[in-house]
Student: 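This is the structure, below, for whatever I ask next.
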Number of protein chains: 2
Amino acid sequence: MSTSPKLKLYEEFSAIARGLGNAHRIDILEHLGQGERGVDALAAKIGLSTANTSQHLQQLKRAGLVESRRDGKYILYRLKGDNVLTLLGALFDVGEHNLAEVDKVMRDYFHKRDDMEAVSHEELLERSRDGLVTVLDVRPNDEFAMEHLPGAKNIPLEELETRLSEIDPAQEVIAYCRGPYCVLSFEAVAALRKRGIKARRLEDGLPEWRAAGLPLEQP
Amino acid sequence: MSTSPKLKLYEEFSAIARGLGNAHRIDILEHLGQGERGVDALAAKIGLSTANTSQHLQQLKRAGLVESRRDGKYILYRLKGDNVLTLLGALFDVGEHNLAEVDKVMRDYFHKRDDMEAVSHEELLERSRDGLVTVLDVRPNDEFAMEHLPGAKNIPLEELETRLSEIDPAQEVIAYCRGPYCVLSFEAVAALRKRGIKARRLEDGLPEWRAAGLPLEQP
DNA sequence: GCTACATTCAAGTAATCTGTTGAATGATAT
DNA sequence: ATATCATTCAACAGATTACTTGAATGTAGC
């Protein structure tokens, strides 16, 4: 047998997996989950050189995980279809359940995820419709500007300390950011609680909200 | 930032992806989806040396995709939890929708998957309960012996030509094998149709049937 | 104890992947 | 056309991966 058709297929599938086989590339995918981005902008966000980022993007493209289009001087990359998010979700799920290392990092840095008691999409919708909660977007300004949850207030994590007064201490805060493992919202909740403000995390981030077909706001 | 907790997590997730980053390892996972296997037995099935197979298995183990236990002289490996199957499914899904290469192989070798008009779990259950169909397991004997769909008849693909008389030509045949891309059932359906016997494929294979919580038979 | 057998380890080669640097492309704007 | 700027290519060193071979481990059965 030269190479059976099945092995040929598995060769392709494994090529997709190799596309996910680097932490920076997963980081890139998380950022692209927020929306389209140019190469340089992405490179700045994730802290790699432009050339290196470009090469990672081309690997992701070959793997069928992202696609690109030209817009003037820029080449904008975006996730290729919703099933990429599903794939990432499945990957995270295996990690969270099957790898002791992941569990350890979660416990050490995120102070036990269970304690955080994440809020579901439904609960957020319901309670925010009733005006019971402040929805807080802790991503940087530019990402908030592209798209955000309806009625959300934007205070980037770095500015949270100095802008605490803008938050109504009588209401519970529900914080969200880029995705289920985005550090920002974990830290925001921790910071708010230390100040005695009731706060919880949304269970995941903006891309999953969009994938669920829920409404978003653009300026 | 030395390495942010998020990047640490993504490092772990990408390690899982690297576990899937080799066609032989995906093949191994498909076989383990049938049930526990010793190293040597697996090596024979997938056509690699024992030492090489052992090393692949250890990579899969490090990635949290399989686990092992000792049984007498043998060390038996099995999939680590159902979410591994989910992950594989998500991977296949991305491949099927996003990669032109995959589409091409499907068309060339599997004569257009749409034509095959796969049968769902529900339809199989219903029609087999009413005695309307022959459920045909085309995997090798030893795999059938471990576990198979209720009421299924076992004719390994290689023996199909010579044992055609055992199949009731009045009934439709529903063939299945190891998984959604297992070649055996595709070829079985093609062979049966050439002989004028009505035949279709089950949409996926035995592992997915088990994961769905449906009943199985053991001898 | 010794033998047989399944599995793993260790060492080596060829191939692939990561990140750097500097030069090449290709579109826009003057 | 020319200059500018975003992106990609090409070439390199260092690390990792796949597979082979032969030796080492560990359990079962005598």
Side-chain angles (χ1 to χ4, degrees), chain A residues 1-3 7-8 10-29 31-32 36-63 65-78 142, chain B residues 1-3 7-8 10-29 31-32 36-63 65-78 142:
Chain A
M1 53 156 116
S2 47
T3 27
L7 265 194
K8 249 200 176 75
Y10 286 2
E11 199 61 63
E12 298 293 331
F13 294 149
S14 65
I16 302 175
R18 282 195 296 276
L20 296 171
N22 175 288
H24 290 308
R25 284 201 289 274
I26 296 189
D27 205 7
I28 290 178
L29 292 175
H31 279 279
L32 289 183
E36 284 184 323
R37 283 278 173 198
V39 180
D40 238 31
L42 254 177
K45 287 271 178 197
I46 63 178
L48 291 181
S49 73
T50 308
N52 196 2
T53 304
S54 167
Q55 293 181 63
H56 278 306
L57 283 167
Q58 283 166 75
Q59 282 192 53
L60 288 170
K61 199 172 176 179
R62 256 177 275 135
L65 293 165
V66 310
E67 54 194 354
S68 62
R69 69 182 178 91
R70 174 147 229 144
D71 179 27
K73 298 207 285 192
Y74 300 86
I75 292 187
L76 299 179
Y77 283 85
R78 63 174 175 279
D142 59 323
Chain B
M1 50 153 120
S2 49
T3 28
L7 266 194
K8 249 199 177 73
Y10 285 2
E11 198 61 63
E12 299 292 332
F13 294 149
S14 65
I16 301 175
R18 282 195 296 275
L20 295 172
N22 175 287
H24 290 308
R25 284 200 290 273
I26 297 190
D27 205 8
I28 290 178
L29 292 175
H31 279 280
L32 289 183
E36 284 185 324
R37 284 276 175 200
V39 180
D40 238 31
L42 255 176
K45 286 271 179 197
I46 63 178
L48 291 181
S49 73
T50 307
N52 197 2
T53 305
S54 168
Q55 292 180 61
H56 279 305
L57 283 167
Q58 282 165 77
Q59 282 192 53
L60 287 170
K61 198 172 177 179
R62 256 177 275 135
L65 293 165
V66 309
E67 54 193 353
S68 62
R69 69 182 178 91
R70 174 147 228 145
D71 179 27
K73 299 207 284 191
Y74 300 86
I75 292 187
L76 300 179
Y77 284 86
R78 62 173 176 279
D142 59 323

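Letters go in sequence order (proteins before strands), and every chain restarts at 1. Only a predicted model underlies this, so the values are computations on that prediction, with no experimental measurement involved.
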Student: State which residues pass side chain to side chain donor-acceptor pair (under 3.5 Å) with B:Asn22; sequence neighbours excluded, sorted by chain then number.
Tutor: none

Student: Nearest 0.5 Å, what's the CD1-CG distance between B:Ile28 and B:Leu42?
Tutor: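 So the gap between those two atoms works out to 6.0 Å.
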
Student: Distance check needed: C:dT8 C1' versus B:Leu57 CG, whole Å only.
Tutor: 11 Å

Student: Who passes salt bridge (charged side-chain N to carboxylate O under 4.0 Å, His left out) against B:Lys8, sequence neighbours left out?
Tutor: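 For B:Lys8, no residue satisfies salt bridge (charged side-chain N to carboxylate O under 4.0 Å, His left out) once neighbours in sequence are set aside.
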
Student: With sequence neighbours excluded, tell me which residues meet salt bridge (charged side-chain N to carboxylate O under 4.0 Å, His left out) with A:Arg37.
Tutor: A:Asp142

Student: A:Leu42 has an atom CG; how far is it from atom P of D:dA6, in whole Å?
Tutor: 14 Å

Student: Report the residues that fulfil ring pair (Phe, Tyr, Trp, His ring centres under 6.0 Å) with B:Phe13, sequence neighbours left out, ordered by chain and then residue number.
Tutor: A:Phe92, A:Tyr181

Student: Taking the axis from the first five pairs and the axis from the last five, what angle separates them in the helix from C:dG1-D:dC30 to C:dT30-D:dA1, rounded to 10 degrees?
Tutor: 30°

Student: Which residues pass the salt bridge (charged side-chain N to carboxylate O under 4.0 Å, His left out) test with B:Arg78, sequence neighbours left out?
Tutor: B:Glu36, B:Glu67

Student: Please round to the nearest 0.5 Å and tell me the distance separating atom CG of B:Leu60 and atom CG of B:Leu32.
Tutor: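 Rounded to the nearest 0.5 Å, the CG-CG separation comes to 8.0 Å.
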
Student: Using whole Å, what does the distance between atom C1' of nucleotide C:dG19 and atom CD1 of A:Ile46 come to?
Tutor: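 Answer to the nearest Å: 13 Å.
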
Student: Report yes if at least one side-chain N or O of B:Gln58 is closer than 4.0 Å to OP1 or OP2 of C:dT7; otherwise report no.
Tutor: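 For C:dT7, OP1/OP2 do not have a side-chain N/O of B:Gln58 under 4.0 Å.
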
Student: Rounded to whole angstrom units, what separation is found between the OH atom of A:Tyr77 and the P atom of D:dT7?
Tutor: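 Whole-Å distance recorded here is 8 Å.
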
Student: Over how many whole Å does the gap from A:Tyr74 atom OH to C:dG26 atom C1' extend?
Tutor: 15 Å

Student: How many whole angstroms separate atom CG of A:Asp27 from atom C1' of C:dG19?
Tutor: 16 Å

Student: Considering residues at least two apart in sequence or located in another chain, which fulfil the side chain to side chain donor-acceptor pair (under 3.5 Å) criterion with A:Ser49?
Tutor: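 So A:Ser49 forms no side chain to side chain donor-acceptor pair (under 3.5 Å) with any residue.
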
Student: Between atom CG in B:Leu7 and atom C1' in C:dT18, what is the gap in whole Å?
Tutor: 15 Å

Student: Once each nucleotide of nucleotides 12-26 of chain D is scored for protein heavy atoms under 4.0 Å, what B/S/- sequence comes out, 5' to 3'?
Tutor: ------SBBB-----

Student: Phosphate oxygens OP1/OP2 of C:dT8: is one of them under 4.0 Å from a side-chain N or O of B:Ser54?
Tutor: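 For B:Ser54, the contact criterion (side-chain N or O under 4.0 Å from OP1 or OP2 of C:dT8) is met.
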
Student: Just jot down the side chain to side chain donor-acceptor pair (under 3.5 Å) partners of A:Lys61, sequence neighbours excluded, or say none.
Tutor: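 Result, side chain to side chain donor-acceptor pair (under 3.5 Å) vs A:Lys61: A:Ser68.
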
Student: Between atom CZ in A:Arg37 and atom P in D:dA6, what is the gap in whole Å?
Tutor: 15 Å

